[in-house]
Amino acid sequence: MTTVELSGKVALITGASRGIGYGIAEALLARGDRVCITGRNEDALKEAVEALGADRVIGVAGKAHDEAHQAVAVERTLEAFGRVDHLVNNAGTNPVFGPIADLDLNVARKVFETNVVSALGFAQKTWHAWQKDNGGSIVNITSVAGLSASPFIGAYGISKAAMDNLTRQLAHEYAPRVRVNSIAPAVVKTKFAQALYEGREEEAAAAYPLGRLGVPADIGGAAAFLTSAQADWITGQTLVVDGGIFLKAGHN
Ligand SMILES: NC(=O)c1ccc[n+]([C@@H]2O[C@H](COP(=O)([O-])OP(=O)(O)OC[C@H]3O[C@@H](n4cnc5c(N)ncnc54)[C@H](OP(=O)(O)O)[C@@H]3O)[C@@H](O)[C@H]2O)c1
């Protein structure tokens, strides 16, 4: 077993029982943070806590948009670790595929509730409970879908663009104590994105100048940087982590 020197910092990461959130938890644990992860499925969350290391990780089950869950997650993090320096708003949803002309508005509301309003709720609660007096940072996981028109996933793209503006708004209001940035990934190999590459990964990867799809560790590395002292003069930015796909015509 490798011993990691503790950083003294604590991060709350939403939607982290698998995929990108889990990759971010691994990256922050590797540099010595203690971490609270959330997710809806309690069993999956327990398994993730065990796999990541229950000595430095706790799990709080719940739906990201549920305000009571947001409050409990922040409270439990403070009880367990005494602080909550970093918030990573990673939980997100993309439940529909099709033209927005026919989009069910209740589905649009759900997408906004889960992706945008949840991130704001967690950002309010960590601010009042810890960050306004003690500082820290926030990273919102958005998407390249929020940076241009995204055919057939319009509601998702609009919600991610709103999160990028939420990032700028929070960065302005929470300065100088708290830095707030976004990471906008292209396709990262997770359950969420599986349909986009399953059975055709080589073909999908060929579209990327860097020759491969993303993996959760790519986003973990970016989140570790943005929540570190190396990024101390960076706030309100969206860091595109996309294997270069945005360099291509039609992607900008
Ligand atoms: N993968 C990509 O290509 C890609 C690209 C750009 C942006 N993103 C963004 O990255 C984030 C993570 O996606 P991912 O690919 O890692 O997805 P994933 O593999 O499906 O993992 C999602 C994680 O979030 C949890 N979760 C889902 N909905 C939740 C909710 N309403 N409340 C609380 N937890 C919830 C899931 O656990 P439970 O199911 O148990 O709740 C799971 O732990 C999302 O915001 C997504 O929009 C992904």
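Indexing begins at 1, ligand by ligand and atom by atom, following the structure's order. Residues take their numbers from the sequence shown, with the count starting at 1.
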Does a sphere of radius 6.0 Å around [atom1] in [X] hold more than 12 heavy atoms from other residues, nucleotides or ligands, not counting ones at 6.0 Å or beyond?
X      : atom1 : answer
Glu79  : CD    : yes
Lys125 : NZ    : yes
Leu103 : CG    : yes
Gln194 : CD    : yes

Would you please determine whether [X] falls within less than 4.0 Å of ligand 1 on a heavy-atom basis?
X      : result
His65  : no
Ala184 : no
Ile141 : yes

Can you tell which part of [X] has a heavy atom less than 4.0 Å from ligand 1: side chain, backbone, both or neither?
X      : answer
Ile20  : both
Ala145 : neither
Ala44  : neither
Tyr22  : neither
Ala16  : backbone

Could you identify the single nearest non-hydrogen protein atom to [atom] and state the distance to 0.1 Å?
atom                    : value
atom 8 (N) of ligand 1  : Tyr156 OH, 3.6 Å
atom 17 (O) of ligand 1 : Phe192 CB, 3.1 Å
atom 3 (O) of ligand 1  : Val188 N, 2.8 Å
atom 40 (O) of ligand 1 : Asn41 N, 2.9 Å
atom 12 (C) of ligand 1 : Asn90 OD1, 3.3 Å
atom 18 (P) of ligand 1 : Arg18 NE, 3.5 Å
atom 7 (C) of ligand 1  : Thr142 O, 3.0 Å
atom 39 (O) of ligand 1 : Arg40 NH2, 2.9 Å

Taking [X] for the side chain and [Y] for the main chain, is one N or O donor matched with an acceptor at less than 3.5 Å?
X      : Y      : answer
Arg179 : Ala231 : yes
Lys248 : Ala207 : yes
Asp218 : Val215 : yes
Ser159 : Phe112 : no
Gln131 : Ser137 : yes

Between [X] and ligand 1, is there a nitrogen or oxygen pair with a distance under 3.5 Å?
X      : result
Pro185 : no
Ser17  : yes
Ser143 : no
Ala193 : no
Val187 : no

Assigning hydrophobic clusters by single linkage (Ile, Leu, Val, Met, Phe, Trp, Tyr; side-chain heavy-atom cutoff under 4.5 Å), is Leu45 placed with Val10? no
List every atom of ligand 1 that sits less than 4.0 Å from any heavy atom of [X], numbering the atoms from 1 in the order shown and giving each element.
X      : result
Lys63  : 32 (N)
Thr114 : 31 (N)
Gly19  : 16 (O), 19 (O)
Gly62  : 32 (N), 33 (C)

Within the 3.5 Å criterion, strictly below it, is a donor on Asp33 or Ser7 matched to an acceptor on the partner's side chain? yes
Can a donor-acceptor pair be found between the side chains of Ser182 and Thr167 at a distance below 3.5 Å? yes
Nearest 0.5 Å please: distance from the CD1 atom of Ile234 over to the CG atom of Leu239. 8.0 Å
Between Phe192 and Tyr156, what is the ring plane arrangement, given parallel below 30°, perpendicular above 60°, and tilted in between? tilted
Filtering Gly15, Gly92, Gly146 for the heavy atom nearest atom 23 (C) of ligand 1 leaves Gly15
Between Ile153 and Ala145, which heavy-atom pair has the shortest distance, and what is it? CD1-CB, 4.0 Å
